[in-house]
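Whatever order the structure lists them in is the order used to number ligands and atoms, beginning at 1. None of these values were measured; they are calculated from a predicted model.
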Amino acid sequence: MKVYISTDFEGVAGIVDWDQIMVGSHDYELGRRLLLGELNAAIDGAREAGATEFVVNDSHSSMRNLEPDLLHGAATLITGKHKPMYMMEGLDSSFDAIFFLGYHGSIGASHAVLSHSYNPRAIWEARINGQVVGETAINALVAAHYGVPIALITGDSVTIAEAEQLTPAPHGVAVKQSISRFAAESLHPDIARERIHEGAHAALSSHRPATAPQFPKPTTLELTFLTADMAEMAAWLRGVEPVEGQPRTVRYAGDNFLDIFRTFVTMVLLTRAIVE
Ligand SMILES: [Zn+2]
């Protein structure tokens, strides 16, 4: 059994501030230790459930937060920047299950620590088929394309609630309760790791989802940016259309979920030219 793990960072127990999760920042070494502990707990739980092969995609910011020699399960590690499939780089139909580890709530969600949807300086809101979504549902498009079930998600309680909107919903392990965007009450890391260990085991056995996430065809992705010029720039891409009467919003629709995701990633990267 082959498991794909996309690791973010904001949803790890004890993490409440960018200062803990950005390379070179004051508390970064603490943060990466907490992330690694939860990741290894997930791998250990999955191994007990029969998983034999792991590919970990380090998906946060610099995308080199994980120390390769400390990974359990002889996991392969995808690391470094400029990956065309970004948080889902490396996934294909050869995998049996996906884990989303250390994920966080969408920008706009209340009581969601470090909430954002890819780029907090560009994306004000993302919607799939009219429903407000965060990174979980956007990344689920890739899972749907390759037909791989999302078995486990970990993060704060808002992240788990947002993941419930997926059909079928992954097994969720909440490791903290957010109080505001920069405060949370977390489980002790030892307890968080125990819960994730058990959760990973359950996600591949008793709670295993029957199918990959389901989306209708066609599916529509709408993005509302912070400013109109970002939306205008996004509409340079083929197939991306401005939305009448909403100068900050663009739309992309199609039957191919991978195309939708790739177009989304390109919009994120393209609009960075204005943000930075
Ligand atoms: Zn993220």
Side-chain angles (χ1 to χ4, degrees), residues 4-23 25 28 31-32 34-36 38-39 42 56-66 78-91 98-128 132-143 150 152-163 165-166 170 172-176 178 181-182 184 186 196 221 223 225-226 261 264-269 271-272 275-276:
Y4 177 88
I5 308 178
S6 170
T7 60
D8 210 343
F9 210 150
E10 293 84 349
V12 169
I15 299 296
V16 293
D17 198 286
W18 308 119
D19 189 48
Q20 299 169 303
I21 62 174
M22 304 306 270
V23 172
S25 61
Y28 179 65
R32 69 196 310 204
L34 295 174
L35 168 62
L36 183 77
E38 291 194 2
L39 171 60
V56 175
N57 179 25
D58 189 332
S59 302
H60 171 78
S61 187
S62 65
M63 302 187 274
R64 49 185 176 86
N65 306 289
L66 297 163
I78 299 173
T79 184
K81 61 188 169 189
H82 307 316
K83 300 180 286 195
M85 299 301 289
Y86 216 124
M87 299 183 82
M88 299 303 282
E89 183 67 32
L91 185 72
I98 296 168
F99 291 177
F100 287 162
L101 189 117
Y103 269 46
H104 53 81
S106 62
I107 190 154
S110 60
H111 308 298
V113 85
L114 301 174
S115 64
H116 63 280
S117 303
Y118 273 82
N119 186 350
R121 289 178 294 173
I123 296 174
W124 185 80
E125 188 170 274
R127 293 176 296 281
I128 292 178
V132 176
V133 294
E135 292 172 11
T136 302
I138 293 167
N139 295 346
L141 291 166
V142 184
I150 303 172
L152 179 74
I153 184 163
T154 75
D156 72 350
S157 48
V158 168
T159 307
I160 308 309
E162 286 186 348
Q165 295 172 1
L166 291 174
V173 176
V175 298
K176 60 188 169 188
S178 297
R181 197 155 178 256
F182 294 99
S186 290
I196 290 171
L221 173 73
L223 286 187
F225 291 91
L226 263 60
F261 181 81
F264 168 77
V265 167
T266 309
M267 286 193 276
V268 169
L269 296 180
T271 54
R272 271 189 195 165
V275 174
E276 281 155 11

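- Of all N, O or S atoms in His104, the one lying closest to the Zn ion (ligand 1) is NE2.
- The closest side-chain donor-acceptor pair between Tyr86 and Asn139, if any, does not fall under 3.5 angstrom.
- Judged by distance alone, the side chain of Asn57 and the main-chain N or O of Met87 form a donor-acceptor pair under 3.5 Å.
- The Zn ion (ligand 1) does not have His60 among its coordinating residues (no N/O/S atom, backbone or side chain, under 2.8 Å).
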Show which side-chain atoms of residues 9-20 pair as donor or acceptor with protein atoms under 3.5 Å away, not counting sequence neighbours.
| residue | atom | partner | partner atom | Å |
| --- | --- | --- | --- | --- |
| Glu10 | OE2 | His60 | ND1 | 3.4 |
| Asp17 | OD1 | Asp19 | N | 2.8 |
| Asp19 | OD1 | His26 | N | 3.2 |
| Gln20 | OE1 | Val16 | N | 2.7 |
| Gln20 | OE1 | Asp17 | N | 3.1 |
| Gln20 | NE2 | Gly14 | O | 3.2 |

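- Backbone or side-chain N, O or S atoms of Asp8 reach the Zn ion (ligand 1) at under 2.8 Å.
- The closest donor-acceptor contact from the side chain of Tyr103 to the backbone of Ile160 lies at 3.5 Å or more, if one exists at all.
- When the N, O or S atoms of Glu135 are ranked by distance to the Zn ion (ligand 1), OE1 comes first.
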